[in-house]
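Order of appearance sets the numbers: ligands from 1, and atoms from 1 within every ligand. This chain uses plain numbering: 1 for the first residue, then up along the sequence.
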Amino acid sequence: MAPMAGTQTHFRACNLCEALCGIRIEVEAGRITSIRGDTEDPFSRGHICPKALALKDLYEDPVRLRHPVRRTATGWEQVSWEEALDAVARRLHETQRAHGKEAVATYLGNPGSHNTGVLLFVPGFLRTLGSRNKYSATSVDQLPHHLASHLMLGHQLLIPIPDLDRTQFLLMLGANPLASNGSMMTAPDVRARLRALQQRGGKVVVVDPRRTETAGIADEHLFIRPGTDALFLFAVLHEVLKAPRLGRLEAFTDGLETVRALAEDFPPERVEGATGIPAADIRRVAAAFAQAETAVCYGRMGVSTQAFGGLCQWLINTLNIVSGNFDREGGALFTRPAFDVVGGPGAIRVGRGGFGRWKSRVRGLPESSGELPVATLADEILTGGAGQVRALVTVAGNPVLSSPNGARLEQALPSLDFMVSLDPYLNETTRHAHYILPPPSPLERSQYDVVFHVFAVRNTARYAPPLFEPGPGAMHDWRILLELQHRLAVLRKGRSVRGALAYQALRRMGTEGILEIGLRAGPYGLRARGLRGSLSLKALRRAPHGVDLGPLKPSLPGRLQTKDRRIHLAPAPFVEDVKRLRELLDGAVVPGPGELLLIGRRHLRDNNSWMHRVPKLMTGKPRCTLMIHPEDAKAAGLEEGDEAVVTSRVGEVSVPVVVTDEVMRGVVSLPHGYGHRRKGMPSTVAAEHAGESLNDLTDEQRVDALSGNAALSGVPVRVSRAQTSRNG
Ligand SMILES: Nc1nc2c(c(=O)[nH]1)N[C@H]1C(S)=C(S)[C@@H](COP(=O)(O)OP(=O)(O)OC[C@H]3O[C@@H](n4cnc5c(=O)[nH]c(N)nc54)[C@H](O)[C@@H]3O)O[C@H]1N2
Ligand SMILES: Nc1nc2c(c(=O)[nH]1)N[C@H]1C(S)=C(S)[C@@H](COP(=O)(O)OP(=O)(O)OC[C@H]3O[C@@H](n4cnc5c(=O)[nH]c(N)nc54)[C@H](O)[C@@H]3O)O[C@H]1N2
Ligand code: SF4
Ligand SMILES: [Mo]
């Protein structure tokens, strides 16, 4: 359909990060004239960030792929959908027939979790493929949250969410929501919510090796040596356990004595050397946490993607539980989303998860909820033998820039027999594909957030139809996945009436059909509210600013998913991993002589690896810089603006230096998501702001030995002045 004439106002939620901001888009004669915050959205109340405007750029971007392409010796060639889908299915099928099911690996990237169609149709595609070589951005991100929830509460997606709007004390580790806008804590306008917290007399304490934007507005900031948070958390727990207060939870919680015995070994004095946080400060924070009317501990990327990520998320939950702040207003609570993936009906329910049921072939890393750690994907491609990965499907991802030692993965990709990518762009990863199958841009599809309502600090629901009809011949992700799934099934088992009917039914239902089933069957659906009052797509269409379903409420033990309906405070995998943590006490983390510890960072106007192409987000000072403490800069002979060479076990990059006491001594910081200057990439705005990839320095061998999650934080590096750096 051609763009409509006349003016139009469209409301939806921005899907670019987890904050779910409501936006108001004005369209005149088919062109977007403005994107602003939707002041009538009950959740975001008009808040947006600069990235929302990029939705227009993504829609209009002439570089965005609008039809399938095939890589040939002379470049990319346009092909029809029929041809592309048939060829891709055939190549995947042939690879599996010749080498077994595990020979095809899949990688699912971050924007997939912001795309309803991907979320609802990827499971079927993966089931049909039937390979255990499943990878995703989860294992460079939030895997430890799922592990802690799976082992302690019985379901990978039963994630405790900080009750930001009612808590009186927020202890935040390894998160910078002022730049990230919150993660596993969907809370549009975190700044205003933190200010409100302080205005009602509450306190915010941030623990981070860098004095971040968030630390800057907190009541207190503690520098912590990267990778030592589990020690800090244990010491806080040590103090809090002097007077545990499980309250109502005591009746259905097991393992308190085990945890208490473990915490004995970690008094504040014993961890101050390794963490760099004085014992007196730990005591003071622990006391304030325990005495606060309500309190919640929250930790994100910085504590998940480190060598003790699993222990960190376990200890955070444990701290919230034993201080009486779990499943309680002002503490950590569970959502009750309209589309309920935890307690919903069979069709939409996500499995409770799993852990360690099988191991990766080459390095023996554990499976988590059916996935293997992406830190070992290159090993599985490069190592011969039965089960070797020979074909790869990527969906909405860029693991060359986002997984540890991405350069090695980049070198591995050309050795694949076959690769296909579902992506609207040619990126550092997809350029190695034989076929790229592009979906349309976000404004050309409907929007309902299946994942981030599950992680939100308030229960809300919001749906928007597509603003624009996709261009002629465009195909949505869900449809591409379904078409591939159907073709694979036919190639494998031949045509069958049952298969054809199932395919037809899913095709007719599409994303909307499944959403409708989920909403009707959900907690605000038919059973709760009857036919007329139930939340449905129709009801959501009538409420373009979204529907407020109220604050989070206590829901345990009812919502527990453990088989015995009890909270497990001391699951064996965590308890056993404490042995490894004890080694840290003896100074095992201290970097070698002349080494510094590398951490990452996020900027408000970056979005992982894929928004550097948008000119309006790339103005201002260059952002891909190495932050270094003045003392460390002096030792390395570096001055502001110099070019520094940063070297790790796996690689070397050269980046401009910013000398600042914003990072603690012994720590350097480089943003994640850059590194676009790679051969074969088209010259775009991203190439002009190429920067260097943090993951050309991170080490694929550094994983949390418990969970297999990548240990991206605290990578030992050496820093020196580049020869060409200063004149003379
Ligand atoms: N060192 C270090 N590494 C990190 C991180 C870090 O902090 N430090 N962060 C990690 C984290 S948290 C994450 S989530 C990952 C992100 O890493 P990835 O998920 O691997 O990559 P993205 O940069 O998000 O790239 C997303 C790709 O999806 C495409 N895309 C966007 N929308 C759609 C869509 O609707 N459909 C399809 N099919 N494609 C789409 C984009 O064009 C882009 O090419 O990186 C991780 N890596
Ligand atoms: N603007 C923007 N927003 C985003 C994204 C983006 O790329 N750009 N990405 C989105 C995605 S995919 C995600 S997962 C979220 C992530 O959301 P956050 O987790 O809030 O984001 P980060 O900025 O990575 O914050 C990690 C913090 O951990 C600190 N840190 C590093 N190592 C350690 C450590 O060992 N201990 C402690 N205590 N802290 C440490 C870092 O200094 C940093 O401040 O952001 C989302 N939102
Ligand atoms: S904070 Fe996130 S959801 Fe809100 S406008 Fe920015 S990118 Fe979009
Ligand atoms: Mo992420």
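Contact annotation: for Arg602 versus ligand 2, heavy atoms closer than 4.0 Å belong to both the backbone and the side chain. With a 4.0 Å cut-off on non-hydrogen atoms, Ala179 touches ligand 2 through its backbone and not its side chain. The proximity of Arg445 to ligand 1, defined as any non-hydrogen pair under 4.0 Å, is limited to the side chain. The residue His672 has no part lying near ligand 2, judged by heavy-atom distances below 4.0 Å. Using a 4.0 Å cut-off between heavy atoms, Asn110 contacts ligand 1 through both its backbone and its side chain. At a heavy-atom distance under 4.0 Å, only side-chain atoms of Pro111, from C-beta outward, approach ligand 1. Of all the heavy atoms of Val140, the ones lying under 4.0 Å from any atom of ligand 1 are found in both the backbone and the side chain. Residue-level proximity to ligand 2 for Ser713 is carried by the side chain, the only part with a heavy atom below 4.0 angstrom. For Ala396, heavy-atom contacts with ligand 1 shorter than 4.0 Å involve the backbone as well as the side chain. Only side-chain heavy atoms of Ser183 come within less than 4.0 Å of ligand 2; its backbone N, CA, C and O stay farther off. Both the backbone and the side chain of Asn176 come within 4.0 Å of ligand 2, judged by heavy-atom distances. When heavy-atom distances to ligand 2 are checked against a 4.0 Å cut-off, Asp606 comes that close only through its backbone atoms N, CA, C and O. Proximity of Asn607 to ligand 3, defined as any heavy-atom pair under 4.0 Å, is not found for any part of the residue.
If you check the side chains of Ser669 and Arg210, you find no donor sitting under 3.5 Å from an acceptor. Side-chain contact of Arg601 with His603: a donor-acceptor pair under 3.5 Å is present, judged by distance alone.
Some N or O of Leu604 is nearer than 3.5 Å to an N or O of ligand 2, by distance alone. Polar contact with ligand 2: present for Met301 (N/O pair, distance under 3.5 Å). Polar contact with ligand 2: absent for Arg225 (N/O pair, distance under 3.5 Å). Between Arg210 and ligand 2, not a single N/O pair is under 3.5 Å apart. Polar contact check, Asp208 against ligand 2: a nitrogen or oxygen pair lies under 3.5 Å apart. Residue Arg300 places no N or O, backbone or side chain, under 3.5 Å from any N or O of ligand 2. For ligand 2, the polar-atom distance check finds an N/O of Val207 within less than 3.5 Å of one of the ligand's N/O atoms. Ligand 2 has no nitrogen or oxygen under 3.5 angstrom from a nitrogen or oxygen of Ile224. For ligand 1, the polar-atom distance check finds an N/O of Ser402 within less than 3.5 Å of one of the ligand's N/O atoms.
The heavy atom nearest to atom 8 (Fe) of ligand 3, considering only Cys14, Pro188, Ala13, is found in Cys14. Across the listed options Cys21, Ala187, Gly182, Cys21 owns the non-hydrogen atom lying nearest to atom 3 (S) of ligand 3. Between the choices Pro50, Gly174, Ala711, the shortest heavy-atom distance to atom 27 (C) of ligand 2 belongs to Gly174. For atom 33 (C) of ligand 2, the choice among Ala307, Ala215, Gly182, Gly302 with the nearest heavy atom turns out to be Gly302.
Under 4.0 Å is where a charged nitrogen must lie from a carboxylate oxygen, and between Arg462 and Asp38 at least one such pair does. Residues Asp61 and Arg66 are not paired through a salt bridge, judged by the lack of any N-O separation under 4.0 Å between the basic side chain and the carboxylate.
For the ligand labelled ligand 2, residue Gly714 lies outside the 4.0 Å heavy-atom shell. Under a 4.0 Å heavy-atom criterion, Arg601 is not in contact with ligand 1. Not a single heavy atom of Met184 lies less than 4.0 angstrom from ligand 2. The shortest heavy-atom distance from Gly600 to ligand 1 is not under 4.0 Å. Under a 4.0 Å heavy-atom criterion, Gly227 is in contact with ligand 2. Using a 4.0 angstrom heavy-atom cutoff, Thr212 counts as in contact with ligand 2.
Here the options are Arg678, Arg677, Arg408, the test is salt bridge (charged side-chain N to carboxylate O under 4.0 Å, His left out), and the partner is Asp696; only Arg678 passes.
For His689 and Tyr674, the gap between ring centers reaches or exceeds 6.0 Å.
One of the N, O or S atoms belonging to Cys49 lies under 2.8 Å away from atom 6 (Fe) of ligand 3.
Atom 29 (C) of ligand 1 has Asp423 OD2, 3.2 Å as its closest protein atom, hydrogens excluded (heavy atom only).
Relative to the ring axis of Tyr435, Arg71 does not place its NZ or CZ within 45° and under 6.0 Å from the centre.
More than 12 heavy atoms of other residues, nucleotides or ligands sit less than 6.0 Å from atom CZ of Arg649.
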